[in-house]
Protein chains: 2
Amino acid sequence: MASTLAPVTEGGDRPAFSIERILGLELERPGNCLKLHRPWTEIAAEKENAGNSVCFKHHHHPQQMKSSRPTSNWYIGRRPRTAFTNRQVSVLETVFQVNCYPGIQLREQLAGRLDLDEDRIQIWFQNRRAKLRRSLRETRLQLVQSAVADLGVRHARGDQELTQRLASRLQLEVDEEEE
Amino acid sequence: MASTLAPVTEGGDRPAFSIERILGLELERPGNCLKLHRPWTEIAAEKENAGNSVCFKHHHHPQQMKSSRPTSNWYIGRRPRTAFTNRQVSVLETVFQVNCYPGIQLREQLAGRLDLDEDRIQIWFQNRRAKLRRSLRETRLQLVQSAVADLGVRHARGDQELTQRLASRLQLEVDEEEE
DNA sequence: TTTTAATCTAATTAT
DNA sequence: ATAATTAGATTAAT
């Protein structure tokens, strides 16, 4: 409900994959849904091999593609990207500081308060945790790198004993953070 | 909306993690949300080490747990398990036969038609694909096993050439299905 | 006990 | 940069 006005036009008012049509089908296609494991990457690869420079990645409306394969219209499209407002992000960030694994009740509260679906909240927290993990990993990496550099300096000074102590302690801390 | 009457009582009518309370906080807790990567497994392990045989797994209401750690109430609870009706599952299965990666439009159509949230549809298809993959893996395993047994029989008969041909062809098929 | 809805991570896709 | 999707592993309710 938050500025996601569904720009997916889908070529007018005739949906290619309406449930009515699907449920009307006689279900005589046992070998239809056996293309598991992200089949659109395969389609994209085929199109690239065909010399067509227009990549599937940049078309999320496959029914608009002039493809020779009728099987490529199995994918209708993804949800339009939600554009959170500054206020929404601000509230979400504040809550994240306190609880980065909100349960269903808090998610529902947030959804009601921010006029978003509960699922958007869920996804936001998943992506936010991933971002935090990424930044923690980078910080840790930089710490190790600077420590190694420091190690090098001290080693050059001939401060052998301190070097060894620092190294073992560093290893310890890195291991702790692993699990 | 489908027979999910929210059995999570959360100790009455006083939510422990209301947004009001969170937003009222002074945000002076920088080291609060640094327990990433499924912290509840850690909590469970701690409880086991403490000799308490009651595992966290069987309590999905942590606020009811008599834990010595106040940080164990990070988890408010998960969404109550949705009980799909026979008709809902029937329609979902039918659609799955035709398109096991429904896009946003088809998911919304299904949600409206079946009186479910769109994200319940999304989750259902994710779990359904996982189930299909699992069964395909098992089928493949059984095929390989029976083929190996067959190989053994033919080898015992001394039919060396046919054995080798069958083996190479089998390897080919297994490789094809991998990617 | 089995099945499967819900949650999570990690990687990826795509806006 | 980050919202959305996926596979895969796991947790937990039925």
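Note on naming: letters A, B, ... go to the chains in the order of the sequence lines (proteins, then strands), and numbering restarts at 1 for each one.
- Between A:Arg107 and A:Ala130, the residue whose closest nucleotide on DNA chain C is further toward the 5' end is A:Arg107.
- With the 3.5 Å cutoff on both pairing distances, Watson-Crick and G-U pairs in DNA chain D assemble into runs of at least 3 at C:3-15 with D:1-13.
- C:dA5 atom P lies 12 Å from atom CZ of B:Phe125, rounded to whole Å.
- Nearest to the side chain of A:Gln122, among D:dT6, D:dA4, C:dT7, sits C:dT7.
- With rounding to the nearest 0.5 angstrom, the SG atom of B:Cys100 is 13.0 Å from the CG atom of B:Leu92.
- In this structure, A:Thr85 OG1 and A:Leu116 CG are separated by 7.5 Å, a value rounded to the nearest 0.5 Å.
- Residue contacts shown for A:Gln126 include a base, since a base heavy atom lies under 4.0 Å away.
- Atom OH of residue B:Tyr101 and atom CG of residue B:Leu106 lie 14.5 Å apart, to the nearest 0.5 angstrom.
- Atom-to-atom distance recorded for A:Arg134:CZ and A:Thr139:OG1 is 12.0 Å, nearest 0.5 angstrom.
- For the pair A:Ala111 and A:Asp117, the tightest heavy-atom approach, listed with the atom from each and the gap, is CB-C, 3.9 Å.
- B:Gln109 places a side-chain N or O within 3.5 Å of a backbone atom of A:Ile19 that can act as its donor or acceptor partner.
- We find that CD of A:Gln88 is positioned 11 Å from P of D:dA3, with the value rounded to whole Å.
- Within 4.0 Å (heavy atoms only), A:Arg120 reaches sugar-phosphate atoms of the nucleic acid but no base atom.
- A sub-4.0 Å separation between OP1 or OP2 of C:dT9 and a side-chain N or O of A:Arg133 is present.
- In terms of phosphate contacts, A:Tyr101 brings no side-chain nitrogen or oxygen within less than 4.0 Å of OP1 or OP2 of C:dA6.
- Cluster annotation: A:Val91 is connected to A:Leu132 through the hydrophobic network of ILVMFWY side chains, with a link wherever side-chain heavy atoms come within less than 4.5 Å.
- One can place CD1 of A:Ile123 at 17 Å from C1' of D:dA1, the figure rounded to the nearest angstrom.
- The distance from atom CG of A:Asn99 to atom P of C:dT7 is 14 Å, rounded to the nearest whole Å.
- In this structure, the separation between CG on B:Leu114 and CH2 on B:Trp124 is 10.0 Å, given to the nearest 0.5 Å.
- In this structure, B:Arg78 does not reach the C:dA5 phosphate: none of its side-chain N or O atoms is under 4.0 Å from OP1 or OP2.
- OP1 or OP2 of C:dT9 lies within a sub-4.0 Å distance of a side-chain N or O belonging to A:Arg129.
- Separating the CD atom of A:Glu108 from the C1' atom of C:dA6 is a distance of 14 Å, rounded to the nearest angstrom.
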Give each protein N/O atom lying under 3.5 Å from an N/O atom of nucleotides 1-4 of chain C, with the pair distance.
from	atom 1	to	atom 2	distance (Å)
C:dT4	OP1	B:Lys131	NZ	3.3
C:dT4	OP2	B:Lys131	NZ	3.1
C:dT4	O4'	B:Arg81	NH2	3.3
C:dT4	O2	B:Arg81	NH1	3.0
C:dT4	O2	B:Arg81	NH2	3.1

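- Taking atom CD1 of residue A:Ile104 and atom C1' of nucleotide D:dT11, one finds them 16 Å apart after rounding to whole Å.
- One distance of note links CZ of A:Arg87 with CZ of A:Arg113; it measures 7.0 Å at 0.5 Å rounding.
- No side-chain donor-acceptor contact under 3.5 Å links B:Arg79 to the backbone of A:Ile104.
- In this structure, B:Leu132 places its CG atom 12 Å from P of D:dG8, rounding to the nearest Å.
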